[in-house]
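Being a predicted model, the structure only gives us computed values, none of them experimental. Any value given below was found using the heavy atoms of this structure, including those in side chains, with hydrogens, waters and symmetry copies removed. Throughout, protein chains are lettered first and strands after them, A, B, ... in sequence-line order, and every chain is numbered starting at 1.
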2 protein chains.
Amino acid sequence: MIPGHPHTTDSCRPVSEILARVGDKWSVLVVVQLGCGRMRFSELRRALAGISQKMLTTTLRGLERDGFVTRTVHPTVPPKVEYALTELGFDLLGPVKALGDWAAANGPRMDAARARFDAVQAGAG
Amino acid sequence: MIPGHPHTTDSCRPVSEILARVGDKWSVLVVVQLGCGRMRFSELRRALAGISQKMLTTTLRGLERDGFVTRTVHPTVPPKVEYALTELGFDLLGPVKALGDWAAANGPRMDAARARFDAVQAGAG
DNA sequence: CGGCATCCGAATAGATACTG
DNA sequence: CAGTATCTATTCGGATGCCG
């Protein structure tokens, strides 16, 4: 029990919403990647290394819809489409990078806990 | 690489990892909920209102495995199992709440962007 | 009360082929 | 090069039934 706990945390609802929007497998990766600067479709695909072309398209559409990225079509031959973060997208980078820093700092602790848990499971059945 | 760009964000990898662990539909909700204090299984289920017993069990197992929550069994009749955040879990609350605050503050902007996008799609095909 | 096993439907993600 | 459409495999998540 936490004595004198504020219990004012209504973070549940908004966290759930933001996670429903960018909590999928690729959205955050794309946002972080675009945080390095505008990129074209194939550059993103190369940078993300593992995403399928379909998923990249779907993810970018969703991010564009929610106002995180812009899509610029250059009417050239061959076609060239560039994606960039909006102000909202850059804004999102703040808390996302905070989470990233946390993960980088505490990832080993998570790994250790997992190893411990698995060892106990194996030993105690 | 973008010339003259900061490019200090190597948050890609860790963000991906933390998202793979707590980016599912319920994990963060459970963590935030437990941030209010230790709770037993049925309390959590009531508080989350919508989660199935199977998912709650699965989610709690995952969080326990990664060292975010502890599971305490009271050998009473009827049985009583309580869950609480570990120090790592409380630590996670920081960046998660930051993300929650951001979502609460910018949710309207996301909604507006979405409405705008949908309107353009309807108008321009 | 807490939890596991099983089955089933829905949603997701990937491969492939085709268009402009 | 960028994107769409289709098909399929995998995963997710819920309902049910049984156990300690």
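- Atom pair A:L56:CG and D:dT4:C1' shows a separation of 14 Å (rounding to whole Å applied).
- B:L93 places a side-chain heavy atom less than 4.5 Å from the side chain of B:L85.
- In this entry the distance linking NZ of A:K80 with P of D:dC1 reads 12 Å, nearest Å.
- Summarising the geometry, the separation between CD on A:E82 and C1' on D:dA2 is reported as 13 Å, rounded to the nearest angstrom.
- When all heavy atoms of A:L88 and A:G67 are compared, the closest pair comes out as CB-O, 3.5 Å.
- If you chain together hydrophobic residues whose side chains sit under 4.5 Å apart, A:M39 and A:V81 fall into the same group.
- If you find the closest nucleotide of DNA chain C to A:S52 and to A:P79, the one lying nearer the 5' end belongs to A:S52.
- Distance from the side chain of A:F41 is smallest for D:dA2 among the nucleotides D:dA2, D:dT4, D:dG14.
- Between A:R40 and D:dA2, a side-chain N or O to OP1/OP2 separation shorter than 4.0 Å is present.
- Computed from coordinates, the A:R46 CZ to D:dC1 C1' distance equals 11 Å when rounded to whole Å.
- The two residues B:V73 and B:P75 have their closest heavy-atom pair at O-CD, 3.5 Å.
- Heavy-atom minimum distance, A:I18 versus B:A103: CB-CB, 3.6 Å.
- For the segment residues 61-75 of chain A, no residue has any heavy atom less than 4.0 angstrom from an atom of DNA chain C.
- The two residues B:Y83 and B:R61 come nearest to each other via the heavy atoms OH-NH1, 4.0 Å.
- A 4.0 Å heavy-atom criterion places the boundary nucleotides of DNA chain C facing chain B at C:dC1 to C:dC7, written 5' to 3'.
- Nearest heavy atoms, A:W26 versus A:L48: CZ3-O, 4.1 Å.
- Between B:K80 and B:E82, the closest heavy-atom pair is CE-OE2, 3.8 Å.
- When distances run from any side-chain atom of B:K25 to the nucleotides D:dT4, D:dT16, D:dG14, the shortest one goes to D:dG14.
- For the pair A:M55 CE and D:dA5 P, the interatomic distance rounds to 14 Å; values are reported in whole Å.
- In the hydrophobic clustering of ILVMFWY residues, with side-chain heavy atoms under 4.5 Å counting as a link, A:F117 and B:F68 come out apart.
- Between A:Y83 and D:dC1 there is no side-chain N or O to OP1 or OP2 distance below 4.0 Å.
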